[in-house]
Q: 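One structure, as structure tokens, below. Some questions next.
Indexing begins at 1, ligand by ligand and atom by atom, following the structure's order. If you're wondering where the values come from, they're calculated on a predicted model, not measured in any experiment.
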Amino acid sequence: GTGTGTGTGTGTGTGTGTGTAGPEADRGPRIGVFGGTFDPVHIGHLVAAAEARYQLRLDRVLMVVANEPWQKVGERVVTPADDRFVVVDAAVEGLAGLEASRLEIDRGGPSYTADTVAELRATYPGAELFLVVGADVAASMGSWRRVESMIDDVVLAVVDRGGVAPRVDLPRWRVEHVPIPSLEVSSSDLRRRLAEGRPVDLLVPAAALRRMERLGLYAGGR
Ligand code: ATP
Ligand code: MG
């Protein structure tokens with residue numbers, strides 16, 4: 001992405017904050033961690049990331065591309081991580097504060113969010129980390145590896161998905177709700193569309209779509 005990740009956000013926003021005392025300048029950076037398979041990335045991901053950034057006054061949102069999404073591997077063929085990454089990188093072009101992150105790809109192996117959070121915590125000791133998840137993911141986080149290890153390190157930012165009220169069953173967590181316009185789009189749906197040769201224009205940013213086509217991804221599609 002081209003976002004520089006500096007500054008404290010685009011306005012006063014509607015974010016409820018985290019109740020930390022003191023002026024903004026005295027605090028470390030506020031960093032959103034938005035993980036996904038992004039197979040492929042779509043407008044729902046981007047609106048979620050941009051809204052989380054605005055509403056929670058985040059300096060940057062890292063779109064962390066899963067290397068091996070352990071919940072999806074074995075169920076279907078997942079597009080190579082490097083290819084998914086370059087498409088996400090193209091998608092965030094020109095979107096301030098949104099960045100594609102190779103962290104899980106560079107680490108290799110199965111992608112556990114707890115490892116990613118630990119790594120970011122070590123890299124940015126003073127940062128406030130916000131783990132951004134859609135409501136569907138929030139509802140199933142109980143099954144994640146070492147999920148409890150993240151409690152003190154992150155604020156959970158739950159973004160609406162499909163108009164479903166976010167239900168989080170993580171009692172000791174700090175949780176923020178990020179309402180967003182309901183966008184009924186999923187990567188599964190996009191893969192189907194591409195395989196059938198139906199259009200995905202506007203559902204995927206033009207630059208990302210061009211990158212997909214150039215790489216010959218989601219063949220059978222356009
Ligand atoms: P798939 O259909 O393959 O599961 P997906 O569209 O759900 O793909 P993921 O990569 O699984 O995309 O999701 C990454 C993150 O983005 C998750 O936290 C998910 O809840 C969130 N997300 C995905 N689509 C939307 C959407 N339309 N609105 C809000 N959040 C979304
Ligand atoms: Mg999903």
Q: Provide, to 0.1 Å, the distance between atom 11 (O) of ligand 1 and the closest protein heavy atom, together with that atom's residue and name.
A: K72 NZ, 2.7 Å
Q: Less than 3.5 Å apart, any donor N or O on the side chain of T116 or R107 sitting next to an acceptor on the other?
A: yes
Q: Return yes if some donor-acceptor pair links the side-chain N/O of R193 with the main-chain N/O of E196 below 3.5 Å, else return no.
A: no
Q: Could you tell me whether the side chain of V159 reaches within less than 4.5 Å of the side chain of E51, counting heavy atoms only?
A: no
Q: Which ligand 1 atoms does S188 reach within 4.0 Å, using its non-hydrogen atoms?
A: 1 (P), 2 (O), 3 (O)
Q: Out of all atoms in ligand 1, which are within 4.0 Å of some heavy atom of G44? Include the element for each.
A: 26 (C), 27 (N)
Q: Which of the atoms in ligand 1, numbered in the order shown and given with their element, are less than 4.0 Å from a heavy-atom of G35?
A: 14 (C), 15 (C)
Q: Return yes when P69 approaches ligand 1 closer than 4.0 angstrom through a heavy atom, no otherwise.
A: no
Q: Which distance, rounded to the nearest 0.5 Å, do you find between the OG of S149 and the CG of D115?
A: 8.0 Å
Q: Once you measure the plane-to-plane angle for H45 and H42, does it fall in the parallel (<30°), tilted (30-60°) or perpendicular (>60°) bin?
A: parallel
Q: Note the single closest protein heavy atom to atom 3 (O) of ligand 1, along with its residue, its atom name and the distance in Å.
A: R191 NH1, 3.2 Å
Q: Would you confirm whether R121, through its side chain, and P125, through its main-chain N or O, come within 3.5 Å as a donor-acceptor pair?
A: yes
Q: May I ask you to check whether F38 has an N/O atom sitting below 3.5 Å from an N/O atom of ligand 1?
A: yes
Q: Check each atom of ligand 1 against the heavy atoms of V133 and keep those under 4.0 Å away; list them by number with element.
A: 18 (O)
Q: In ligand 1, which numbered atoms sit nearer than 4.0 Å to a non-hydrogen atom of T37?
A: 10 (O)
Q: Going by the rule salt bridge (Lys or Arg N to Asp or Glu O under 4.0 Å), which residues pair with D106 if we only count those two or more places apart in sequence or in a different chain?
A: R102
Q: Can you sort out which atoms of ligand 1 are near V185, meaning under 4.0 Å from one of its heavy atoms?
A: 24 (N), 27 (N)
Q: Given that the side chain starts at C-beta and the backbone is N, CA, C, O, which of these parts of D160 lies under 4.0 Å from ligand 1, counting heavy atoms, or is it both or neither?
A: backbone
Q: So, does R174 use its side chain to make a donor-acceptor pair with the main chain of D152 at under 3.5 Å?
A: yes
Q: Check each atom of ligand 1 against the heavy atoms of G36 and keep those under 4.0 Å away; list them by number with element.
A: 10 (O), 14 (C)
Q: Among all protein non-hydrogen atoms, which one is nearest to atom 12 (O) of ligand 1, and what is the separation to 0.1 Å?
A: H45 NE2, 2.9 Å
Q: Under a 3.5 Å distance rule, please check whether R30 uses its side chain to pair with a backbone N or O of D59 as donor and acceptor.
A: no
Q: Give me the nearest non-hydrogen protein atom to atom 18 (O) of ligand 1 as residue plus atom name, then the distance to 0.1 Å.
A: G134 N, 2.9 Å
Q: Among all protein heavy atoms in this structure, tell me which lies nearest to atom 8 (O) of ligand 1, with the distance rounded to 0.1 Å.
A: S187 CB, 3.2 Å
Q: Any idea which protein heavy atom is nearest atom 17 (C) of ligand 1, and the distance to it?
A: V137 CG2, 3.6 Å
Q: For the CE atom of M141 and the CD atom of E148, what is their distance to the nearest 0.5 Å?
A: 9.5 Å
Q: By number and element, which atoms of ligand 1 are closer than 4.0 Å to a non-hydrogen atom of D136?
A: 19 (C), 20 (O)
Q: Are the side chain of S111 and the backbone of E68 linked by a donor-acceptor contact shorter than 3.5 Å?
A: yes
Q: When you measure from atom 30 (N) of ligand 1 to each heavy atom in M141, E184, R161, R192, which option holds the nearest one?
A: R161
Q: Contact between ligand 1 and D39 is defined here as a heavy atom of the residue under 4.0 Å from a ligand atom; is it met?
A: no
Q: Could you label the plane-to-plane angle of the Y112 and W70 rings as parallel, tilted or perpendicular, counting under 30° as parallel and over 60° as perpendicular?
A: tilted
